[in-house]
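Accompanying notes for the structure given below.
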Amino acid sequence: MQLSPERCRPMSSTASEMKEACPANSDEMELLHGSTRLSSPEQVRRRVSGNSSADGSPRICRQQSFGRDIGHAAAETYLITRLSFNLLGYLGVGYRWITRLLALACYAMLLMPGFLQVAYLYFFSSQVMRSIVYGGHPRNRLDLYIPPTNDGLKPVVVFVTGGAWIIGYKAWGSLLGLQLAERDIIVACLDYRNFPQGTISDMVSDAAQGISFVCNNISAFGGDPNRIYLMGQSAGAHISSCALFEQAIKESRGESISWSVSQIKAYFGLSGGYNLFNLVEHFHNRGLYRSIFLSIMEGEESFEQFSPEVRLKDLSVRKAAALLPYITLFHGSADYSIPPEASKTFTDALRAAEVKAELVIYKGKTHTDLFLQDPLRGGNDELFDHIVSMIHADDSYALRNDAVAPPRKRLVPEFLLKLAGKVSPF
C-alpha cells in the first residue's frame with residue numbers, strides 16, 4: 001500500500017461523474033449504471049473493449065476534480081454518521097450503550113492513524129472504482145479494488161462486509177480490498193440494504209444480485225470469471241452464506257438463475273454466525289435485543305430459512321449441498337461478539353452433509369483482531385496469507401511473487417493497537 005502519484009489520481013466515483021468525464025461513451029455508462037440491457041458477459045466485454053488502451057486493457061475515464069472527490073468524501077461521511085445514529089435509535093441509549101459508545105469512540109480514535117491512511121487511498125487512489133451500480137435500489141452499489149498491473153485476467157474476491165445487519169457498508173472492506181489488490185487480486189466490496197431499510201431477505205437478495213453482477217461482468221474490469229471467490233465477515237458472512245445456499249437450492253430445483261454456484265471456486269466465512277436459533281439469546285445479552293433481532297430476521301418463523309447450518313439437516317436440501325464449493329471458516333478463539341462455536345458447529349454440519357469444509361481457529365484472536373488490528377499491524381498476517389495462498393494455489397507464478405512480496409506496511413503503532421484491543425467494545 002505504498003503511495004505514488006500515479007496510483008493516487010482522483011477518479012470518478014459515481015456513474016454521473018463518469019458521464020461528465022466521458023459524455024460521449026454511452027456503453028461505458030450503461031455498464032456503470034448496471035443497465036439491464038447488458039444481458040451477457042460477451043456484450044459487456046465487447047462494449048468495454050471498444051474503448052481499450054494501447055495494451056488492450058479497458059480504458060477507465062478519470063475525473064481530475066479534487067473538489068468532486070471532496071464532495072464525495074463528505075457524502076460518504078454523512079452516510080456513515082446517519083447509519084451510526086440509526087443503530088443508536090434502534091438499540092436505545094441506556095447505560096449499557098452509552099458506555100459502549102464511549103468505548104467505540106476511544107477504539108476508533110486509537111486506530112485513527114491507520115483509518116486516515118486507508119480513507120485517503122479509498123477516496124483518491126486510481127486503483128479504487130467506487131459505487132458501481134449493480135441493482136435498482138439506492139444501496140445496490142459496489143466498490144472495485146483493481147491491482148496495479150494489467151497482465152492478464154485476475155482472480156476475484158466478492159466481499160460482503162459486516163455491521164450487525166444495521167450498519168454494514170461497502171467501505172468497511174477497503175483495507176482488505178487494498179491489500180489483496182497489491183497481491184494481484186481484484187476485490188468487489190458489496191453494499192446492501194441494512195435494517196431498517198430492509199430485512200434479512202432484502203439483504204440476501206441484494207448480496208445475490210451483487211454476486212450475479214460480478215459473475216457476469218467482472219471480465220470487463222480485468223477479472224477472471226472462472227476464478228471468483230466469495231467471502232463475508234461477521235453479519236456479512238451470514239448474509240453471503242445464505243445467498244450461496246439459496247442459489248444452490250434454486251439451481252438444484254432447476255429454477256431460472258442469473259449466476260451459478262459452480263462459478264464460485266471457494267467460500268471464506270470470517271467470524272460469522274450460521275444458526276440464528278443459537279445466536280438470538282447471545283445477541284440479546286450483548287445488547288442487540290431480541291425484539292430488534294426478530295425484526296431484522298423477519299420473526300422466529302424465518303430462523304430456519306436463514307440458518308444455513310439448520311437447513312443442511314433437511315434431506316431435501318442435500319442435493320443442493322452437493323453443489324456448494326469448498327468452504328473455509330475462520331474464527332478467533334477469543335471472539336465474544338460471535339462465539340467460535342458458531343463456526344465449529346457449522347463446519348460439523350457441512351461435513352455431515354459431505355460438503356468439503358475446513359475450520360481455522362486463531363488462538364487468542366477477537367472479533368476485530370482478524371479483520372482490523374492484524375491488518376493495521378502490517379507485516380505477516382496468518383489469515384491474509386492463508387486466503388492469498390488458497391486463491392493463488394493453482395498459479396505458480398503468483399505464488400513465486402507472493403514469496404518475495406515486501407511485508408505489508410504498518411499503519412498503526414503497536415502500543416495504540418494494544419490499547420485499542422483493551423478498550424474495544426466488540
Practice problem: Count the heavy atoms of every other residue, nucleotide or ligand shown that sit under 6.0 Å from CZ of Phe277, and state whether that count exceeds 12. | Solution: yes

Quiz item: Under 30°, 30 to 60°, or over 60°: which ring-plane class applies to Tyr134 and Phe213, parallel, tilted or perpendicular?
Solution: tilted

Quiz item: Taking it one step at a time, do His367 and Gln233 satisfy side-chain contact (heavy atoms from CB on, under 4.5 Å)?
Solution: CA-CA 10 Å; His367 196 68; Gln233 187 264 341; 4.0 Å; yes

Quiz item: Can you list every side-chain hydrogen bond (donor to acceptor under 3.5 Å, both in side chains) pair that touches residues 417-426, not counting sequence neighbours?
Solution: none

Self-check item: Met112, CE atom: more than 12 neighbouring heavy atoms under 6.0 Å
Solution: yes

Quiz item: How far apart are the closest heavy atoms of Ala349 and Glu309, and which atoms are they?
Solution: CB-CG, 3.9 Å

Self-check item: Polar side-chain atom of Ser333 near backbone of Gly364 as donor-acceptor pair, under 3.5 Å
Solution: yes

Exercise. Report yes or no: do Tyr122 and Asp143 form a side-chain donor-acceptor pair below 3.5 Å?
Key: yes

Quiz prompt | Listed partners of Arg290 passing side-chain hydrogen bond (donor to acceptor under 3.5 Å, both in side chains), at least two apart | solution = Glu281, Glu300

Quiz item: Is the shortest side-chain N to carboxylate O distance from Arg193 to Asp206 below 4.0 Å?
Solution: yes

Quiz item: Within the side chain of Ser295, is there an N or O that forms a donor-acceptor pair under 3.5 Å with the backbone of Ser291?
Solution: yes

Quiz item: Atom CG in Leu417, atom CG in Asp374: separation rounded to 0.5 Å?
Solution: 8.5 Å

Quiz item: Counting heavy atoms not belonging to Glu341, are there more than 12 under 6.0 Å from its CD?
Solution: yes

Practice problem: Could you give me the CA-CA distance, side-chain angles and deciding distance for Phe221 and Met129, then say whether side-chain contact (heavy atoms from CB on, under 4.5 Å) is met? | Solution: CA-CA 10 Å; Phe221 298 93; Met129 300 180 65; 3.7 Å; yes

Quiz item: Below 4.0 angstrom, N of the basic side chain to O of the carboxylate: do Arg311 and Glu246 qualify?
Solution: yes

Quiz prompt | Aromatic ring pairing Phe330/His386, orientation class (parallel under 30°, perpendicular over 60°, tilted between) | solution = perpendicular

Practice problem: Give the ring-plane orientation class for Trp165 versus Phe293, where under 30° counts as parallel, over 60° as perpendicular and anything between as tilted. | Solution: perpendicular

Name the atoms and distances for all side-chain donor-acceptor pairs under 3.5 Å in residues 261-270, with sequence neighbours left out.
unit_1: Ser262; atom_1: OG; unit_2: Ser260; atom_2: OG; d: 2.7
unit_1: Gln263; atom_1: OE1; unit_2: Ser260; atom_2: N; d: 2.8
unit_1: Lys265; atom_1: NZ; unit_2: Asp394; atom_2: OD2; d: 3.4
unit_1: Tyr267; atom_1: OH; unit_2: Ala237; atom_2: O; d: 2.8
unit_1: Tyr267; atom_1: OH; unit_2: Ser240; atom_2: OG; d: 2.9

Quiz item: Where the side chain of Arg141 meets the backbone of Arg130, is there a donor-acceptor pair that is under 3.5 Å apart?
Solution: no

